[in-house]
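Before any comments, here is the structure.
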Amino acid sequence: MKNRRPLIAGNWKMYKTPNESVETARQLDQQVRSVADVDIMIAPTFTALTAVWEVVQNGPVTLGAQNLYWEAEGAYTGEISAPMLKSVGCEYCIIGHSERRQYFGETDQTVNKKIQAAIKTKLKPVFCVGETDKEREAEQTFSVLDKQVKKGLEGLVLDQLNTLVIAYEPVWAIGTGKTATDDQAQEVHQFIRSLVEKNFGNALSDSIRILYGGSVKPDNIAALMKMPDIDGALVGGASLDAESFSQIVKFK
Ligand code: PGA
């Protein structure tokens with residue numbers, strides 16, 4: 001039996017205006033009102049955060065951001081800081097998503113700085129890791145993850161990590177309709193948990209939540225959640241629709 005509380009998180013990426021976001025958040029809030037045993041998070045765009053917070057703040061849905069910059073304030077045109085996100089209701093922040101690594105030059109080092117900034121501000125980081133298609137074919141999955149986890153968490157100590165969530169998202173499964181099989185995902189989740197144990201001990205490796213991401217849908221979530229080391233999901237496409245996301249939230 002897993003004793004970790006599941007987290008189902010929706011990453012809305014660069015979709016929806018504030019009005020559209022509010023509409024979806026309102027529907028979702030109504031559909032998941034009765035859910036008490038799963039943590040739920042949605043990450044709208046920055047411009048929709050304030051409006052969405054108004055809708056969800058008294059219900060079970062919590063708010064997350066998709067990115068942050070590690071300085072608290074300053075002359076950094078176009079960036080948003082952890083304290084700013086916290087001040088508009090964010091509880092979580094997605095960090096190091098593969099799209100950020102692929103299109104916006106994020107590295108293990110910048111990811112590490114962002115995780116540190118989130119923790120300092122008491123934002124819960126959703127730290128994304130995952131291998132590309134090429135890396136999997138070259139049988140480098142485990143070495144890539146080892147490096148991403150080690151470098152991403154460098155310099156952090158055990159008692160800073162109790163709110164951190166890891167999201168395993170094989171890059172080849174994101175937005176492609178190709179999901180890792182339950183066994184493929186479980187194998188990697190178990191490996192990531194063993195890395196956490198090796199670096200930080202088994203109290204953390206037993207309690208840390210490791211989410212799976214990559215083409216999660218209402219019809220594959222239940223089987224994924226049966227795996228012993230899968231504690232939830234980071235959902236892209238299927239989180240944009242309140243009905244399909246709430247079905248994922250109610251996976252049982
Ligand atoms: P997807 O995206 O569910 O659309 O594959 C997942 C993600 O990028 O977090």
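Remember, it's 1-based here, ligands and their atoms both numbered in the order they're listed. All values below come from the heavy atoms of this structure, side chains included, with hydrogens, waters and symmetry mates left out. From a predicted model like this one, the values you see are computed outputs, not experimental measurements.
Side-chain contact check for Tyr168 and Glu131: at least one donor-acceptor pair (N or O, by modelled atom type) lies under 3.5 Å. Thr24 and Lys16 share a side-chain donor-acceptor pair at under 3.5 Å.
Counting atoms of ligand 1 from 1 in the listed order, those under 4.0 Å from a heavy atom of Asn11 are 9 (O). Residue contact check: Ala173 has heavy atoms under 4.0 Å from atoms 5 (O) of ligand 1. Each of the following atoms of ligand 1 lies closer than 4.0 Å to a heavy atom of His97: 7 (C), 8 (O), 9 (O). Listed by atom number, the atoms of ligand 1 under 4.0 Å from Ser215 heavy atoms are 1 (P), 3 (O), 5 (O).
Exactly one residue among Lys150, Arg101, Lys114 makes a salt bridge (Lys or Arg N to Asp or Glu O under 4.0 Å) with Asp108. That residue is Arg101.
Taking all atoms of both residues into account, the shortest heavy-atom contact from Leu234 to Leu211 is N-CB, 4.1 Å. When all heavy atoms are compared, the tightest approach of Val126 to Ala167 is CG1-CB, 4.0 Å.
Among Gly236, Ala9, Gly175, the residue whose heavy atom lies nearest to atom 5 (O) of ligand 1 is Gly175. When the options Gly214, Gly237, Gly213 are ranked by their closest heavy atom to atom 4 (O) of ligand 1, first place goes to Gly237.
The protein non-hydrogen atom at the shortest distance from atom 9 (O) of ligand 1 is Glu169 OE2, 2.7 Å.
The shortest heavy-atom distance from Ala238 to ligand 1 is not under 4.0 Å.
For Arg26, the CZ atom counts as loosely surrounded, since its 6.0 Å shell holds 12 or fewer non-hydrogen atoms of other residues, nucleotides or ligands.
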